[in-house]
Every structure is written in structure tokens, then in C-alpha cells.
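Comments concern the structure below.
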Amino acid sequence: MQIDPTSTKLFTPLTFTAGHTAVRNRLVLAPMTTYSSNNDGTITPEEIEFLRRRAHGVGMAITAACRVIDHGHAFDGQWSCASDEMIPSLASAARAIHEGHALAILQIHHGGRLCPASILGHAPLAPSEVPARRPGADVPRPMTEEEIEETIKAFGAAARRAIVAGYDGVEIHGANGYLLQQFFSPHANRRSDQWGGSLENRAAFPIAVLEEVQNVVRRNAYRPFAIGYRLSPEETEDPGITLADTLQLVEGLVACRPDWLHVSTNDYFAGSLRDDADRRPRAQVIAECVRRRTSVIGVGSILSPAAAEAVLADGPDLVAMGRALVMEPEWTRKVTAGNEPLRTCLPMEGGDMLLSIPPRMYRKMLGRPGWLPLCSQEPYGASVQSIPIVA
Ligand SMILES: Cc1cc2nc3c(=O)[nH]c(=O)nc-3n(C[C@H](O)[C@H](O)[C@H](O)COP(=O)(O)O)c2cc1C
């Protein structure tokens, strides 16, 4: 059965409760770092083109993670929103997204202990002196009270720049092991001051960042401006964040009334990373817990419209897609037209030109086995895998 845009929930609008921002449908371009900005953090034409092509059709497009302060610099080629000089560059990305009639959402970020010392020129800053559990991880230096306050303010300043640059909102990156998650994590955070110890103290930094961003938006936006928060529901470390911890963090966040919580998982349907017996999608559990007090975005390995529909039927209000839209920038058009196969693999040659993927991002994706399915080396037409377009 072909998908019918008039009967599927995927193409129904939604108004976020807090900021009164309306989104035309439930499809979200997931935030994706493109590793391709200039050394000063300004955005390159290839990155603009990547966004322009993918913003057509989705309700909102979340940008690559943008560092709010230079000691939060986590990757080569990362966007910067750490100074007012970045505003014209940030504005060019917002305009490209608006050309596709999607909401433009700037993801604001600090890498914490995952910022390589080779980029920073000094040890990374983090809640405590505990390196990430990955080979070659740098040993971080615990942040001082002044650095914590400075970083909270930097998130607010980045939100102000997003307002000036014409964005419709920001997403606070509290997921994927970066600084905000590190504060909440019993693995990364061993502090004994007001920012560590009890669950409430570990949640204090993420909540302080959300409140600062909200205050800045109240004082500066004078128009609907959405604020979302992305979190990772579990960590595999011991000690590490459990789902029960996250449900408490969620209560703290929801009390501040963000527009959405974006539950970052690699595979939406995979269930718990910590308990094999618990197969419930993490975003479904969180959607149940928030009971419509805020919107919830589900994400992870969603390729087909049928899978996207299944996520919405499960409880989340929106579906984000990353790799699916890297491989198939025309996803929404093809799904609504219903007569063309969706590309579900990355061409091994020429994909950067064909699909408007910045060359450095393309090389990275080709160089990391298993990250994206690669097309066989047959000519393009022969290697496209067709997936059924069913509602
Ligand atoms: C190339 C690439 C870059 C990414 N960069 C970010 C990022 O900047 N911020 C973020 O929160 N997640 C980032 N992610 C994670 C995605 O947003 C998404 O959660 C993940 O890829 C799973 O969804 P998918 O299967 O639809 O791709 C990135 C993923 C990819 C593939």
C-alpha cells in the first residue's frame, strides 16, 4: 500500500506547548555533525547545501552540534556559535533550512571530556578527572565553579545568537556522552560540591543550562522560539545512567517546560542497553512518563515510512532521521509520491556530489565500517535497495 499523505500521522502538524511554535509535520532531520566547517567554526557552502537539500519536506531540521565556547570544541570541522562574529555564518544555514520551509533549530553543545586535547591544546574540561571509557581518551581536568558558571552563560549566549541569526529554536545537546550528560552521569561526575553526589545535584547543571537558555529566550526573542533538550536515556558504564535515573531527570526537565525531549538512541526499537529483558523502546517509556506535558522525539535506525509511523503509534510525537536522510535527501518527496524506491545505502563513489554530502563527512562515513550501509560497486541504479513504502 502506498503511503497516503492525507491519512498518515507523519504529515500532520503539531504546535509545541511551551513556545507556541508550530511544525508542519512530524519528520525531523536529526542533528548531524558534518566535520566540514572552516577552522574558525564558520559554516562552509558544502554544509549549507547538505542542509538545504534535506530541509525540503521535513517539519524541522536540527543542525550539527555547534560549540558554545571554545573549550567545548569536540571535533575538527565543528560549527562554532561561541562569538557574535559567527552570526552571519549561522544565519546562512538558517536561511538554507527556511528555503525548504522547515523550522531551523540550532543544536548547542559542549563536548566536555570528549574534546580531544589535540584540538584544545590543553586537557579537556569535565565534571571530574575521569576519562571516557574509550581507547586513547584524554584525562580531563575538573571544571572550576567559575568555569561551570561561564559555560552555563555560554549556552545562553549561543541561544541569543540563534535568535539574532533567524533560527526558530535551539536544541540543547544533553546526550551522546557530552558535557551535560557527563554532569548527570555517576561515571563521569564524582564531584562532592553542589554539582555532584546526589541525583538532584548531578541534574543541577543540565537544568541550569535549560533555565539559562529559557531566560535568554524570554528576554530576547519576542517571537515564538522553541527550546528542546536531547538526552541519552542510559549508559552502559557501571556506575552509569540508568533508565530510572533518566526518568527523574525527565521530571526535572519537564518542570521547566521545554518544547521537546529528544531521546537519543541508535536503534529506536532496540530496548535497554543495560537490561536485555527490557525490550521497550526508551523513547516510548519516556513519552509515557511525560504524558503530553512536552513533545517527545524518537530516533534511531528509522529508514522506512512504515517504521516512522510505528514510532508515532508508540507514543513519541515526532520522528527524527539522520542516516536515512544522508542516503536519501529526497525521502519525503519520494514517500509522498510513492512511486520511486528509497535509497538505503551510501554510494561508495561520487556520493558526495550526487547526494550533497560534504566531502570530509562522506570520507568519514566511508571510513567507519558499519556506520552506514554501503552500496555495492555496481552502477548506481542497480545497487539501490528498494524498501516497501507501506503505511
Ligand atoms: C554523521 C553523523 C553525525 C552526527 N552528529 C550528531 C550531532 O552533531 N549531534 C547529535 O546530537 N547527534 C549526532 N549524530 C547522531 C544522530 O543525530 C542520530 O541520533 C543517530 O545517527 C541515530 O539516528 P539515525 O539512525 O536516524 O541516523 C550524528 C550521526 C551521524 C550519522
Side-chain angles (χ1 to χ4, degrees), residues 26-37 41 43 46-47 50-51 54 58 60-68 72-81 93 105-112 114-115 158 170-181 228-234 260-270 273 281-283 296-305 307-308 310-311 316 318-329 331 342 344-346 351-352 355-374 387:
R26 310 305 181 95
L27 297 167
V28 178
L29 173 65
M32 280 181 287
T33 291
T34 38
Y35 308 98
S36 299
S37 63
I43 303 160
E46 295 79 18
E47 295 176 289
F50 174 83
L51 285 172
R54 289 163 179 83
V58 296
M60 69 184 196
I62 308 177
T63 68
C66 189
R67 63 176 185 271
V68 299
H73 193 165
F75 334 94
D76 279 324
Q78 184 178 15
W79 292 21
S80 170
C81 40
I105 307 296
L106 183 71
Q107 192 182 55
I108 52 180
H109 173 250
H110 188 299
L114 295 181
C115 298
V170 289
E171 179 174 88
I172 299 168
H173 195 342
N176 302 356
Y178 296 111
L179 184 68
L180 274 71
Q181 182 176 328
Y229 189 99
R230 192 171 220 219
L231 58 85
S232 291
E234 291 174 321
W260 67 83
L261 295 178
H262 189 169
V263 183
S264 179
T265 50
N266 207 35
D267 180 348
Y268 173 86
F269 294 101
L273 296 177
R282 306 294 83 182
V296 171
I297 307 181
V299 67
S301 305
I302 298 156
L303 295 179
S304 68
V311 172
L318 296 121
V319 185
M321 292 184 295
R323 289 168 292 184
L325 297 181
V326 170
M327 297 182 287
E328 183 51 272
W331 197 95
L342 293 171
T344 54
C345 60
L346 189 69
D352 47 352
L355 303 174
S356 307
I357 303 173
R360 272 191 274 167
M361 182 190 197
Y362 182 58
R363 282 197 296 277
K364 256 197 192 288
M365 293 190 302
L366 289 179
R368 196 168 131 186
W371 204 9
L372 278 89
L374 302 180
I387 56 172

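Remember, it's 1-based here, ligands and their atoms both numbered in the order they're listed. This structure is a prediction, so every number in the text was calculated from the model and none was measured.
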Any non-hydrogen side-chain atom of R323 less than 4.5 Å from a side-chain atom of W371?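 Side chain of R323 against side chain of W371, heavy atoms only: contact under 4.5 Å found.
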Closest heavy-atom pair and its distance - [X], [Y]:
X	Y	result
L372	M327	CD2-CG, 3.7 Å
Q107	T63	N-OG1, 3.0 Å
L325	W331	CD2-CB, 3.3 Å
G351	Y362	N-OH, 3.0 Å

Pick from [options]: the one approaching [atom] most closely through a non-hydrogen atom:
atom	options	answer
atom 5 (N) of ligand 1	T34, V28, T33	T33
atom 6 (C) of ligand 1	P31, A74, S232, G298	P31
atom 12 (N) of ligand 1	M32, R230, H173	R230

Verdict with reasoning, R67 to H73, per side chain to side chain donor-acceptor pair (under 3.5 Å): CA-CA 6 Å; R67 63 176 185 271; H73 193 165; 3.2 Å; yes
Can you tell me if [X] contacts ligand 1 (heavy atom of the residue under 4.0 Å from the ligand)?
X	result
A324	no
S301	yes
H109	no

Could you tell me, atom by atom, which parts of ligand 1 come under 4.0 Å of a heavy atom of [X]?
X	value
W371	1 (C), 2 (C), 30 (C), 31 (C)
A30	17 (O)
G322	24 (P), 26 (O), 27 (O)
M361	1 (C)
N176	10 (C), 11 (O), 12 (N)
M321	26 (O)
A65	8 (O)
V299	19 (O), 23 (O)

Could you tell me whether K364 approaches ligand 1 through its side chain, its backbone, both or neither, with non-hydrogen atoms closer than 4.0 Å?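 K364 to ligand 1: no contact under 4.0 Å from either part.
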Donor-acceptor contact present, side-chain S37 to main-chain G77, <3.5 Å: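 Yes; judged by distance alone, with no hydrogens or angles, the pair exists.
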Look only at the side chain of E234 and the backbone of L273, and say whether a donor-acceptor pair between them is shorter than 3.5 Å.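 Side chain of E234 to backbone of L273, a donor-acceptor pair under 3.5 Å: yes, one is there.
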Nearest to [atom], what protein heavy atom do you find, and at what distance?
atom	answer
atom 20 (C) of ligand 1	N266 OD1, 4.5 Å
atom 9 (N) of ligand 1	Q107 OE1, 2.8 Å
atom 21 (O) of ligand 1	R323 NE, 4.1 Å

Side-chain H-bond candidate by donor/acceptor type, H262 with E171, under 3.5 Å: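 A donor-acceptor contact under 3.5 Å links the two side chains.
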Do S36 and E47 meet the criterion of a side-chain donor-acceptor pair at a distance under 3.5 Å?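 No.
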Would you please classify the geometry between the Y178 ring and the H173 ring as parallel, tilted or perpendicular, with 30° and 60° separating the classes?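 Rings of H173 and Y178: perpendicular, as their planes differ by over 60°.
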